[in-house]
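Sequence lines set the chain letters: A, B, ... in the order given, protein chains first and strands last, and positions in each chain run from 1. On a predicted model such as this, the values are computed, not experimentally measured, just so you know.
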Amino acid sequence: MDAAPAIRVSPAVLMSSTLLDPLNPEQLAAVTLPQASALILAGAGSGKTRVLTTRIAWLMATGQATPRSVLAVTFTNKAAREMLLRLSALTPLDTRGMWVGTFHGLCNRMLRAHHREAKLPPLFQILDTQDQLSLIKRLYKAHGIDDTRYPMRQLQWFIAAAKEEGRRPSMVEASDDFTRAEVEHYALYEAMCQREGVVDFAELLLRSYELLTDSESLREHYRQRFSHILVDEFQDTNTLQYRWLRLLTGPDTTVFAVGDDDQSIYAFRGAKVANMQRFERDFATVARPVKLIRLERNYRSHGHILDAANALIRHNQARLGKELWTSEAKGEPVRAFVAATDADEADFVIDAVRGHAADGVPLDEIALLYRSNAQSRVFEHALFSAGIPYRVHGGMRFFERVEVKHALAYLRLVAAVDDDGAFLRVVNFPSRGIGARTQEQVQQLAQQRGTSLWQATTSGALTGKAGAALATFRQLVERLRGDTQALPLPAAVEHVIHASGLVAHYAAEKDGQDRVDNLAELVTAAEAFVREAEFAPDAASMVTPDSLAAAPAEAPVAALPAFLAHAALEAGDTQAAPDKAALQLMTVHAAKGLEFHTVFITGLEEGLFPHENSVSAADGLEEERRLMYVAITRARRRLYLTLAQQRMLHGQLRYGVPSRFVDELPPELVQWLAPPRAFATASGPAAPPPLRAGRAATQGPSWRIGQSVRHAKFGVGVIIDADGQGHDARVQVNFRDAGVKWLALDYAKLEAA
DNA sequence: AAATGTGGAATTTTT
DNA sequence: TTCCACATTT
């Protein structure tokens with residue numbers, strides 16, 4: 001216990017030590033805070049990872065903590081790896097024994113160690129979102145649930161939302177029939193997961209939370225052990241994660257939470273910024289109030305970029321308050337461009353990228369950001385034609401690919417034959433004559449007898465051709481199991497992808513080479529996993545935290561389940577690292593945490609960014625504005641804002657209004673490369689054709705699609721569609737603030753704007 | 001069991 | 001438009 005730690009190194013020595021030297025006064029204050037919980041408001045580019053890691057190193061250097069007593073939690077595996085990496089450079093101490101990981105990873109670890117108390121089988125499997133959906137699909141089939149009345153995705157969302165609020169089915173309040181039905185489905189889902197010994201992502205957290213709630217001894221054990229808890233990206237914690245942290249916090253625990261309320265962009269996934277406000281209250285003790293430190297000095301961007309970011313975010317009401325500053329030069333102005341069409345927007349960006357690349361900015365230091373994935377298409381098309389290498393982030397990740405999923409399913413069966421999800425995935429892949437009919441018979445049999453699908457096939461109740469085919473499959477799995485028993489993990493994976501017939505299957509397919517490559521890559525991933533496990537058994541190991549001696553690499557039986565958990569918890573990167581520098585394309589969400597020399601924020605039109613679905617949602621607009629804030633603060637030196645007057649959206653031509661976020665920037669910071677709001681000009685190259693003669697021409701001015709108009713109540717907007725003739729003539733207007741409305745020209749007093 | 005057709009939906013997504 | 005899931009063919 002570290003209740004009254006002895007400080008072994010004098011502050012004077014520390015001040016001059018290399019550990020604290022690179023810190024500014026606020027960072028230093030944060031790193032060297034005395035025993036008390038603290039909330040560090042760390043702005044974008046303010047060195048929060050440095051503070052977090054140096055804090056841990058300092059705690060250990062001063063004897064206030066040992067590796068064993070530190071728990072550091074992040075949201076992404078990447079962040080956890082980064083922290084561990086930087087930590088090993090800062091401290092001579094062995095970082096093993098330290099718990100550093102994602103919420104999910106740490107909960108998984110805790111549940112593996114105490115699976116009995118958590119009422120889970122020792123080899124419980126983790127379902128990713130895909131697996132979860134296919135389980136729900138089976139659930140619907142088994143119980144005859146109508147998926148048109150109760151869309152599966154909606155149930156998936158419902159379950160995750162309930163669990164993230166810490167609610168089991170019995171705890172969900174249902175005031176209407178629909179919700180009552182969903183709760184019922186939730187209960188059935190839970191029973192099914194429990195029967196099959198699988199847990200979804202949210203379940204990892206909830207189980208771990210309940211474990212700590214129910215077992216006083218375990219709670220006390222972990223409270224005593226972890227005297228220092230550090231949390232990264234605190235603004236992204238959800239209700240359950242917050243409560244989990246509170247449970248782990250005993251009277252002698254100090255929590256060091258680092259976050260930025262202005263960068264909270266995951267409320268739609270259950271993240272609660274309010275946790276930051278609550279923190280001050282909930283984590284204070286009588287003796288030690290929560291310390292609050294702001295890190296506002298930015299080391300990333302030039303002045304104009306920060307000025308733009310500050311000005312934008314000031315439009316938000318719900319803030320803890322913070323203003324970034326830098327000692328760097330003001331730099332270039334923010335450049336803005338209005339393109340006629342989405343294709344023109346792409347051309348503009350490509351021209352600029354070419355120019356900057358020629359000036360020596362590396363391509364991978366240039367990012368093209370957009371609000372939604374669909375927007376990448378136009379850019380990809382243009383970049384392809386222009387021959388500029390690019391990389392799109394997002395989309396299918398390594399462990400999510402079908403071929404990898406299939407291989408993992410075989411491995412899951414090798415680890416535990418009763419895994420129904422894995423069974424169904426590969427029982428007939430590659431096809432071996434076990435069709436839908438046979439599979440249904442097996443499922444029926446399993447349901448009747450209350451067994452797993454695998455058990456059902458061993459009953460011998462299925463005879464004839466179907467029975468024989470099933471027997472072949474069983475033998476295959478049993479053989480895989482026997483063959484791999486004594487093999488090290490990578491060799492076992494190698495064996496399974498071949499002996500299962502997967503490699504042969506894809507090799508015979510005409511476009512299967514990529515898939516064969518990915519299967520080979522899975523072997524590489526297993527090798528990397530084993531290496532990592534040897535290097536830092538703590539990070540990957542699934543054995544009990546206090547008996548780490550058994551290195552998974554040397555024990556294949558233990559390595560496989562660990563690898564499977566790893567595959568579920570770490571979905572892997574989108575693509576292998578490109579061998580040459582490439583322009584970076586991604587959503588703004590995906591850009592969080594990254595930085596680039598030059599950033600293009602594209603599609604800055606009302607309805608796109610801010611997204612139309614967000615404008616009506618409670619606090620939706622503020623979240624969109626934070627998203628824009630995140631986008632702006634990605635840029636170090638150069639920032640472009642672009643938009644298109646018209647673009648194809650859902651196969652239809654849409655006319656956009658410039659995003660309010662552009663207007664919210666101080667005009668003096670923005671240099672327009674084309675006239676701002678050129679939307680009203682009748683002669684521009686993008687001016688759409690006038691409406692058909694006689695349509696609305698008799699009613700005062702002649703209206704055109706694409707024309708800017710003003711309405712007494714709704715404000716300014718752009719005509720995006722028209723309909724009817726004479727006194728029935730109506731126009732559809734996309735108002736900047738009021739959204740899309742149909743207006744009868746006879747009644748609505750529109751004027752050109 | 002693959003190939004082709006059809007209807008509906010179409011933010012963001014660290015785990 | 002384009003992607004997807006599902007249903008119908010071949």
Side-chain angles (χ1 to χ4, degrees), chain A residues 73-82 101-108 126-134 137 147-148 151-153 156-157 160 163-164 199-205 232-233 235-238 240-241 263-271 342 369-378 381 393-395 397 399-400 428-438 509-510 565-574 586-594 603 607-617 620 623-624 626-628 630-631 647-654:
Chain A
V73 59
T74 62
F75 276 85
T76 66
N77 294 300
K78 196 174 151 203
R81 273 195 304 270
E82 169 85 5
T102 62
F103 278 101
H104 299 268
L106 297 176
C107 287
N108 173 53
I126 301 166
L127 302 180
D128 67 13
T129 348
Q130 285 178 39
D131 300 332
Q132 186 187 26
L133 198 66
S134 40
K137 198 178 281 178
D147 66 340
T148 52
M152 293 190 286
R153 303 260 177 190
Q156 192 175 24
W157 179 88
K163 288 186 179 183
E164 278 162 15
V199 297
D200 60 45
F201 287 141
E203 185 71 23
L204 285 171
L205 283 157
D232 190 20
E233 304 279 18
Q235 77 282 351
D236 289 338
T237 50
N238 63 33
L240 188 54
Q241 287 158 343
Q263 289 191 72
S264 161
I265 55 173
Y266 284 106
F268 73 94
R269 276 182 104 258
D342 43 2
L369 308 184
Y370 35 79
R371 173 68 234 273
S372 59
N373 289 114
Q375 290 167 251
S376 75
R377 280 197 65 253
V378 186
H381 182 82
H393 294 248
R397 308 225 298 226
F399 286 109
E400 292 170 356
N428 196 35
F429 194 94
S431 76
R432 48 177 74 86
I434 303 173
R437 268 187 50 78
T438 309
E509 237 178 26
K510 51 184 186 304
H566 167 81
L569 290 174
E570 159 103 69
D573 230 329
T574 311
M586 66 192 87
T587 63
V588 180
H589 281 92
K592 193 179 141 195
L594 306 177
L608 263 189
F609 197 2
H611 196 278
E612 53 198 342
N613 297 359
S614 304
V615 177
S616 51
E623 175 142 322
E624 292 287 303
R626 291 192 291 268
L627 199 51
M628 181 67 179
V630 167
R647 75 167 66 237
M648 280 306 246
L649 204 64
H650 308 325
Q652 289 218 304
L653 204 53
R654 277 261 309 237

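When side chains are defined from C-beta on, A:Leu627 counts as touching A:Arg371, because their heavy atoms get closer than 4.5 Å.
Between A:His393 atom NE2 and B:dT12 atom C1' the separation is 16 Å, expressed in whole Å.
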For Watson-Crick and G-U wobble pairs within 3.5 Å on both distances, what is DNA chain B written in dot-bracket notation, | included for inter-strand pairing?
||||||||||.....
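Within the nucleic acid shown, A:Gln375 has no heavy atom closer than 4.0 Å to any nucleic acid atom.
Using the six-membered ring where Trp is involved, A:His589 and A:Tyr266 have ring planes that are tilted, between 30° and 60° apart.
The nucleotide range of DNA chain C contacted by chain A, defined by atoms under 4.0 angstrom from heavy atoms of the protein and reported 5' to 3', is C:dT1 to C:dC6.
Here the CD atom belonging to A:Glu570 is positioned 4.0 Å from the CG atom belonging to A:Asn77, to the nearest 0.5 angstrom.
No donor-acceptor contact under 3.5 angstrom links the side chains of A:Gln130 and A:Gln132, judged on distance only.
Between B:dT14 and C:dC3, the two C1' atoms lie 25 Å apart (nearest whole Å).
Of all the heavy atoms in A:Glu164 and A:Arg269, the pair that sits closest is OE1-O, 3.3 Å.
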So which protein N/O to nucleotides 13-15 of chain B N/O distances come out below 3.5 Å?
residue: B:dT13; atom: OP1; partner: A:Thr587; partner atom: OG1; Å: 2.7
residue: B:dT13; atom: OP2; partner: A:Asn373; partner atom: OD1; Å: 3.1
residue: B:dT13; atom: O2; partner: A:Arg269; partner atom: NE; Å: 2.7
residue: B:dT14; atom: OP1; partner: A:Arg397; partner atom: NH1; Å: 3.3
residue: B:dT15; atom: OP1; partner: A:Asn77; partner atom: N; Å: 3.2
residue: B:dT15; atom: OP1; partner: A:Asn77; partner atom: ND2; Å: 3.1
residue: B:dT15; atom: OP2; partner: A:Arg397; partner atom: NH2; Å: 2.6
residue: B:dT15; atom: O3'; partner: A:Leu569; partner atom: O; Å: 3.0
residue: B:dT15; atom: O2; partner: A:His104; partner atom: NE2; Å: 3.3
residue: B:dT15; atom: N3; partner: A:Arg269; partner atom: NH2; Å: 2.8
residue: B:dT15; atom: O4; partner: A:Arg269; partner atom: NH2; Å: 3.3

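Checking side-chain atoms of A:Thr74 against main-chain N and O of A:Thr76 turns up a donor-acceptor pair under 3.5 Å.
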